[in-house]
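What follows is a single structure, written as structure tokens, with notes after it.
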Amino acid sequence: MSVRDLTILGCSGQQPTRYRNHGAYLLRWNNEGLLFDPGEGTQRQFIHANIAPTCITRIFVSHFHGDHCLGLGSILMRLNLDKVRHTIHCYYPKSGKKYFDHLRYGTIYHDTISVQEHPVDKDGIVHDDGRFVVEAAFLEHGIDNVAWRITEPDSRKFDKEKLLQCGVSGPKVRELEEKGMLVVNGKTVSIDDVSRIRKGDAFAMIMDTRKCPQTIEIAQGAKMLLCESTYLDRHRELAYQHYHLTAKQAAEIAKEAQVQQLILSHFSARYLDLNEFVEESRSIFPNSDVGCDFKQFPFPKGVVA
């Protein structure tokens, strides 16, 4: 089975600290590597995390403030250096196209990789390739800023005991899967008699926004929500002033959206101890944690519905 986990490559806000790099988040899922908001130093963070950047297949940029994109150019250059042959899909707000180009072509290098751009200018589904559905929601941050939701397709899980009871085995299982119905020993067997649907898991990422209805909508029912919590609630006015969230507000979003797990990140450099973020969030949404640099969170396959 392929690796399924979220690796925090950096969790700081605009200003990195001695122990927290600019934000960057790698979700390894279904043999793909989804990299979100690669800030400055992301290439080096891969080395410390002992993960090869060649696993990257998709890059998502929420917006073009530096702490969310300054590592983009070096990551693309690294993938050139490693001569990756697969296409790199890049998703970003369309209004930031010129910044994407500046970052991608900011220095001289031999451009060999295949990059497919997906500039986004409206809410909703922006890409569906059969492996993942990518959805976008524009947030409240003063500039165009996108929250992302990634969902895998539903899958069917066969029940071995029911297959045996109905006399379906070997090549007949594939035939039943293709046709939906078979006659076995004079009895009609429907695929629904011997299997169940497993709903595809969903991951949502929300960075740099005030609390707004879009945050609830994009995160609704997600297996995991990665959410900024730049401030503690005692600094709520600062959060509002700078278009950010507090840990309490992130927890409220997770609770209202009925997600399964909340990971907090994008912490202001003013805070040295992140335990307060955990305490504040868990008082509202118990299944919360802080995404410290290099921490990994399992993203296991969901149960059959």
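Throughout, residue positions are numbered sequentially from 1 according to the sequence presented.
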How are the rings of Y271 and Y231 set to each other: parallel, tilted or perpendicular (split at 30° and 60°)?
perpendicular

In terms of heavy-atom contacts, G167 and V184 come closest through O-CG1, 3.5 Å

Should we count CG of D154 as having more than 12 external heavy atoms under 6.0 Å?
yes

Less than 4.5 Å apart, side chain to side chain, heavy atoms only: is that true for H89 and T57?
no

Out of the candidates K301, R198, R131, K199, only one should pair with E152 under the side-chain hydrogen bond (donor to acceptor under 3.5 Å, both in side chains) rule; please name it.
R198

So T112 and N80, side-chain hydrogen bond (donor to acceptor under 3.5 Å, both in side chains) or not? Walk me through it.
CA-CA 6 Å; T112 62; N80 268 280; 3.0 Å; yes

Considering all heavy atoms, the nearest K122-V120 contact:
O-CG1, 3.5 Å

When the ring planes of Y105 and Y109 are compared, do they come out parallel, tilted or perpendicular, using 30° and 60° as the limits?
parallel

According to a 4.5 Å side-chain heavy-atom criterion applied to Ile, Leu, Val, Met, Phe, Trp and Tyr, with indirect links allowed, do I75 and W148 form part of one hydrophobic cluster?
no

Applying a strict under-4.5 Å side-chain criterion to I, L, V, M, F, W and Y, I'd like to know whether Y91 and F132 cluster together.
yes

Could you measure the distance from the NE2 atom of H244 to the CD atom of E228? Nearest 0.5 Å is fine.
5.5 Å

Evaluate the side-chain proximity of F285 to I253: yes if any heavy-atom separation is below 4.5 Å, no if none is.
no

Between CG of L6 and OG of S265, what distance do you get to the nearest 0.5 Å?
9.0 Å

Heavy atoms only: give me the nearest V290-L274 pair and the separation to one decimal.
CG1-O, 3.9 Å

Does atom CZ of F294 have more than 12 heavy-atom neighbours from other groups under 6.0 Å away?
yes

Check the surroundings of atom CZ in R270: do more than 12 heavy atoms from other residues, nucleotides or ligands lie under 6.0 Å from it?
yes

Go through T209 and Y243 one step at a time and tell me if the side-chain hydrogen bond (donor to acceptor under 3.5 Å, both in side chains) criterion holds.
CA-CA 5 Å; T209 183; Y243 292 88; over 6 Å; no

Centres of the F36 and F203 rings: under 6.0 Å?
yes

So do the side chains of L226 and Y25 get within less than 4.5 Å of each other, counting heavy atoms only?
yes

Point-to-point distance, once rounded to the nearest 0.5 Å, from CD of E32 to CZ of R28
13.5 Å

Polar contact flag, side-chain donor to acceptor under 3.5 angstrom, D144-S95
yes

Any link between F46 and L27 through a network of hydrophobic side chains (Ile, Leu, Val, Met, Phe, Trp, Tyr) touching at under 4.5 Å?
no

List the steps, then state whether side chain to side chain contact (heavy atoms under 4.5 Å, CB included) holds for R104 with D101.
CA-CA 5 Å; R104 184 178 177 189; D101 290 343; 5.5 Å; no

Could you measure the distance from the CD1 atom of I51 to the CG atom of L9? Nearest 0.5 Å is fine.
6.0 Å

Do the side chains of D192 and R156 get nearer than 4.5 Å, heavy atoms only?
yes

Is it true that I150 and V259 fall in one hydrophobic cluster, defined by side-chain heavy atoms closer than 4.5 Å?
no

Which atom of V146 lies closest to which atom of L139, heavy atoms considered:
C-CD1, 4.4 Å

Establish, yes or no, whether a centroid distance under 6.0 Å links the rings of H65 and H63.
yes

Do the ring planes of F299 and W29 sit parallel (below 30°), tilted (30 to 60°) or perpendicular (above 60°)?
perpendicular

Evaluate the side chain to side chain contact (heavy atoms under 4.5 Å, CB included) criterion for residues D37 and M205: first the C-alpha distance (whole Å), next the side-chain angles of each, then the deciding distance (0.1 Å), finally the verdict.
CA-CA 10 Å; D37 281 10; M205 199 277 286; 4.0 Å; yes

Check whether any side-chain heavy atom of H22 sits under 4.5 Å from a side-chain heavy atom of T42, and report yes or no.
no

Indicate yes or no: at least one non-hydrogen side-chain atom of M77 is less than 4.5 angstrom from one of Q43.
no

Relative to each other, are the rings of F100 and Y92 parallel, tilted or perpendicular (30° and 60° limits)?
parallel

Hey, is CG on D273 packed in by over 12 heavy atoms from elsewhere, all under 6.0 Å?
yes

Within a radius of less than 6.0 Å around CD of E140, do more than 12 heavy atoms belonging to other residues, nucleotides or ligands occur?
yes

Do L70 and F64 sit in one hydrophobic cluster, given that two such residues count as connected whenever their side-chain heavy atoms are within less than 4.5 Å of each other, even indirectly?
yes

Working note: C90 + I88, criterion side chain to side chain contact (heavy atoms under 4.5 Å, CB included); need CA distance, chi angles, decisive distance, verdict.
CA-CA 6 Å; C90 293; I88 308 299; 4.1 Å; yes

Enter the distance from D208:CG to H266:NE2 here, rounded to the nearest 0.5 Å.
4.0 Å

Reported CG-to-CD distance for the pair D67 and Q15, which is rounded to 0.5 angstrom
11.0 Å

Using a 6.0 Å cut-off, check whether atom OH of Y99 has over 12 heavy atoms from anything other than its own residue.
no

Could you check whether any side-chain heavy atom of F267 comes within less than 4.5 Å of a side-chain heavy atom of S229, counting everything from C-beta outward?
yes

NZ (K94) with more than 12 external heavy atoms under 6.0 Å
no

Kindly give the heavy-atom pair with the smallest separation between T215 and I206, and that separation in Å.
O-CD1, 3.6 Å

Verify the neighbour count for atom NZ of K295: are there more than 12 heavy atoms of other residues, nucleotides or ligands below 6.0 Å?
yes

Please name the pair of heavy atoms, one in I8 and one in G291, separated by the smallest distance, quoted to 0.1 Å.
CG2-O, 3.1 Å

Is the closest side-chain heavy-atom distance between R236 and R234 below 4.5 Å?
no

In sequence, state the C-alpha distance, the side-chain angles, and the governing distance for L232 and F277, and then conclude on side chain to side chain contact (heavy atoms under 4.5 Å, CB included).
CA-CA 7 Å; L232 290 169; F277 285 85; 3.8 Å; yes

